[in-house]
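Down below is the structure, laid out as C-alpha cells.
Just so it is clear: chains get the letters A, B, ... in the order the sequence lines come, proteins before strands, and each one is counted from 1.
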Amino acid sequence: MTSLKSEFLRVLTERRYIHQCTDLEGLDALAAERAPFAAYIGFDATAPSLHVGSLVQIMMLRRLQQAGHKPIVLMGGGTTRIGDPSFRDESRPLLGEARIAENLAGIKRVFAKFLTFGDGPTDAVMVDNDEWLSKLNYIAFLRDYGRHFSVNRMLSQDSVKIRLDREQNLSFLEFNYMILQAYDFVELARNHGVRLQMGGSDQWGNIVQGVELGRRTADIQLYGLTSPLITTASGAKMGKTASGAVWLNADARSPYDYWQFWRNTEDSDVGRFLRLFTELPEAEIARLETLEGAELNDAKKILATEATALAHGRDEAENAAETARKTFEEGAAADTLPKVEVAKDAVAAGINVYELLVKAGMAASNGEARRLIKGKGVKLDDVTVTDEFAKLEALAEGGVKLSAGKKRHALIVES
RNA sequence: GGAGGGGUGGCCGAGCGGUCAAUGGCAGCAGACUGUAAAUCUGCCGACGAAUGUCUACGUUGGUUCGAAUCCAACCCCCUCCA
C-alpha cells in the first residue's frame with residue numbers, strides 16, 4: 001500500500017476502520033486537499049435510539065470531522081418505509097410515519113454527543129431522504145435513473161443472491177432499496193457536495209451502485225468506503241447482551257450499564273475495541289493491549305471509561321467507573337448504584353427478598369426471582385440469601401446492597 | 001386463479017388424540033473455576049401460588065371427543081411450482 005497523504009485516511013487505517021474502498025488513492029487525494037469535502041453514512045429509523053452496532057459508523061463520521069471535513073448523517077426516513085433486505089432472512093416490518101418521526105428525534109440526540117452540528121463548513125448536518133424520495137415521480141425516475149440499473153447485475157449481488165438461493169421471498173419493494181440508496185448518494189452529491197459514502201461492509205453493494213450511478217448520471221467521481229463487520233472474538237454481533245441491545249441513549253441504557261458493557265469485553269477484543277471506540281493515542285493502546293492476565297482488566301477499565309465518556313460525557317463516565325470500583329473492588333455499596341426505593345412501613349412489616357428483586361428489575365417475575373434465590377444467586381450486603389422466602393426487615397443507614405449474580409447490584413433505600 | 005407445502009415458547013426445531021407447559025439445540029440467567037474475560041462443568045429457564053394446584057399458551061374462529069398442539073371445517077398469513 002502506498003503511504004497515505006491525508007490525515008483522515010491515515011487515522012482510519014491505523015485504527016482499522018477500513019474494510020474496502022472503491023478507490024483508496026483517489027479518495028486520499030481528495031481528503032488531502034485543504035478544502036473540506038462532505039461524506040455521509042445512512043442510518044435507518046427503525047428504533048428510537050442507535051445501539052453499539054452502529055458505533056463504528058458514528059465514530060467514522062467523528063473522525064472525518066476531526067480531520068477537517070464535513071459529516072452528513074443521512075436518516076433513512078424514506079427508505080425505512082421500505083426496509084433494507086440486505087442479509088436479512090425476512091422482510092422487516094414496515095413502520096408508521098409517526099413512529100419514524102419519533103425515532104428520528106431520538107437518534108438525533110445520540111449524534112449530538114459525537115458530532116458538532118451547525119452551519120459551518122465542517123459542521124455536521126442531518127438530512128432525511130424522505131425529503132426527496134417522497135417527491136419522486138415514478139415514470140420520470142424510471143426514465144432518468146431506472147435505465148442505469150442492470151437487473152442482471154442486481155440479481156448477482158450477494159445480498160439478493162442469498163435470499164434467492166434460499167428460496168425466500170424478496171419483494172419488489174425491497175428490491176428497490178438499493179436503487180433508492182444509490183439515488184440518495186447522487187442526490188447528496190448534487191445538493192450537499194457529498195463525495196464519499198461510508199457504511200458497514202454489508203453496504204458495499206449498495207454503495208458501489210451509488211458510485212456508478214453518480215458517474216453515469218451526474219458525471220461525478222464518488223467514493224465508497226466500508227468498515228469491517230464488528231463481532232466479538234467469540235463471534236457474537238456487537239451490541240447484543242443479556243438485557244437486549246446496548247443503546248447509546250442514556251434513557252435507554254444508563255451510563256453505568258454502558259460502562260459495564262465495555263468493562264466486560266472479552267480479552268482478545270480489548271486492543272481492537274480501544275482503537276475503534278476510544279480516542280486514546282495509538283502508543284497508549286499498543287501498551288495496554290500487551291497486558292496479560294488480571295492486568296488486562298486495567299485496560300478494560302480504561303476502555304470502558306473512554307467509551308462511556310464519548311457517549312455520555314466525561315463526568316458520567318468517571319462516576320460509572322467510581323461506582324464500579326467501590327462495588328466490585330471494595331465490595332461496598334456505592335451510593336451511586338441504581339437505587340430501589342421501598343416505603344418505610346413496608347420494610348417494618350418485612351418485605352420478601354424476591355419482591356425486591358422484581359422491583360429492582362433483576363428478575364422478570366416472582367417465580368424467576370425465587371429461582372434465582374434457590375440457585376444461590378442472590379446476596380444482601382454480600383451475604384448469600386439461602387431461604388427463598390427470606391424477608392428484609394430492617395435497613396441499615398446507607399441502605400442495603402442487593403446483588404443478583406456477581407455483576408448486577410442495586411441499593412435498597414427507604415423512600 | 002390452479003396444485004402442493006407450511007404457520008409450535010426469544011430464535012431454530014421435534015411432537016401429530018391422553019403420560020404435553022410441550023424432546024433437542026441456540027440464546028439467556030445463576031453456581032463452580034477465574035481476573036466483573038474466554039473455555040469448561042452443574043443447575044435453572046410461561047405466569048400466579050408455600051403447595052397438591054390454578055391460569056394462559058402450539059396462526060384465528062368454530063366443531064368432533066370424556067379428553068386436541070395433535071382430528072374436522074372455515075378464515076388469515078407465508079413459501080414453492082403452474083397460469
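B:rG15 and B:rG24 have their P atoms separated by 14 Å, with the value rounded to a whole Å. B:rG25 and B:rG5 have their P atoms separated by 31 Å, with the value rounded to a whole Å. Atom name P, nucleotides B:rC45 and B:rU52: the rounded distance is 14 Å, in whole Å. Taking the C1' atom of each, B:rC44 and B:rA21 are spaced 15 Å apart, rounded to whole Å. Nucleotides B:rC26 and B:rG9 place their C1' atoms 14 Å apart, quoted to the nearest Å. For the C1' atoms, the distance linking B:rA51 with B:rU70 amounts to 31 Å, nearest Å. Across the C1' atoms, B:rC29 and B:rU36 are found 16 Å apart, a figure rounded to whole Å. Spacing of P atoms, B:rU8 relative to B:rG1, comes out at 25 Å, to the nearest Å.
Checking B:rA47, B:rC29, B:rG35 against the side-chain heavy atoms of A:Asp267 singles out B:rG35 as nearest. Comparing B:rC45, B:rA50, B:rU36 against the side chain of A:Arg370 picks out B:rA50 as the nearest.
Scanning atom types as modelled, no donor and acceptor separated by under 3.5 angstrom connect the side chain of A:Asn366 and the base of B:rG49. Judged by distance alone with a 3.5 Å cut-off, no donor-acceptor contact links the side chain of A:Glu329 to the base of B:rU36. Within 3.5 Å, no donor on the side chain of A:Lys301 pairs with an acceptor on the base of B:rU36, nor the reverse.
Looking at heavy-atom distances under 4.0 Å, A:Gly405 makes contact with sugar-phosphate atoms alone, never a base. Among the heavy atoms of the strands lying under 4.0 Å from A:Gln260 is at least one base atom, whether or not backbone atoms are also near. Nucleic acid contact class of A:Thr265 (heavy atoms, under 4.0 Å, all strands): sugar-phosphate only. Residue A:Lys374 is out of contact with every strand shown, counting any heavy-atom pair closer than 4.0 Å. Residue contacts for A:Arg263: at a heavy-atom cut-off of 4.0 Å it reaches a base atom on one of the strands shown. Residue contacts shown for A:Ala363 are absent, as no nucleic acid heavy atom lies under 4.0 Å away.
Taking atom CG of residue A:Leu296 and atom P of nucleotide B:rA37, one finds them 12 Å apart after rounding to whole Å. What separates CG of A:Leu291 from P of B:rG35 is a distance of 16 Å, to the nearest Å. Atoms NZ (A:Lys406) and P (B:rC29) sit 13 Å apart, rounded to a whole Å. Atom-to-atom, CZ of A:Phe328 to P of B:rU34 comes out at 18 Å; the value is rounded to the nearest Å. Rounded to whole Å, the distance from CD on A:Glu355 to P on B:rG49 is 8 Å. Counting to the nearest Å, the P atom of B:rG31 and the CZ atom of A:Arg408 are 9 Å from each other. The nearest whole Å value for the distance from the NZ atom in A:Lys376 to the P atom in B:rC33 is 12 Å. Look at CD on A:Glu368: it is 10 Å from P on B:rG46, rounded to the nearest Å.
With the nearest nucleotide of RNA chain B identified for both A:Gly375 and A:Arg325, A:Gly375 has the one nearer the 5' end. Where A:Ser365 and A:Gly293 each meet RNA chain B at their nearest nucleotide, the meeting point lying more 5' is that of A:Gly293.
B:rG62 is paired with B:rC72 under the Watson-Crick or G-U wobble criterion, all donor-acceptor distances under 3.5 Å. In this structure B:rC11 sits in a base pair with B:rG25, meeting the Watson-Crick or G-U test at under 3.5 Å. A 3.5 Å limit on both hydrogen-bonding distances identifies B:rC79 as the Watson-Crick or G-U partner of B:rG4. When both distances must be under 3.5 Å, the Watson-Crick or G-U wobble mate of B:rA30 is B:rU42. Across all strands shown, the partner of B:rC48 is B:rG53, judged by Watson-Crick or G-U wobble contacts whose two distances both fall under 3.5 Å.
Here A:Tyr354 reaches the OP1 or OP2 of B:rA50: one of its side-chain N or O atoms lies under 4.0 Å away. In terms of phosphate contacts, A:Lys407 brings no side-chain nitrogen or oxygen within less than 4.0 Å of OP1 or OP2 of B:rG28. Contact check, A:Ser268 against B:rA38: no side-chain N or O comes under 4.0 Å of OP1 or OP2.
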Residue pair A:Arg275, A:Glu282: steps toward the salt bridge (charged side-chain N to carboxylate O under 4.0 Å, His left out) verdict
CA-CA 7 Å; A:Arg275 284 194 179 83; A:Glu282 176 62 22; 2.9 Å; yes
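Although no hydrogens or angles enter the test, the distance criterion places a donor-acceptor pair under 3.5 Å between the side chain of A:Asn137 and the main chain of A:Ala140.
For the atom pair A:Phe273 CZ and A:Arg16 CZ, the distance stands at 13.5 Å (nearest 0.5 Å). If you take CH2 on A:Trp262 and CG on A:Asp269, they are separated by 9.5 Å, rounding to the nearest 0.5 Å.
Salt bridge status for A:Glu212 with A:Arg216: present, with a side-chain N to carboxylate O gap under 4.0 Å.
When side chains are defined from C-beta on, A:Arg10 does not count as touching A:Asp28, because their heavy atoms never get closer than 4.5 Å.
Ring geometry, A:Phe8 versus A:His69: the interplanar angle exceeds 60°, so the pair is classed perpendicular (tilted spans 30 to 60°).
Cation-pi contact between A:Arg370 and A:Tyr354: present, with separation from the ring centre below 6.0 Å and deviation from the ring axis of at most 45°.
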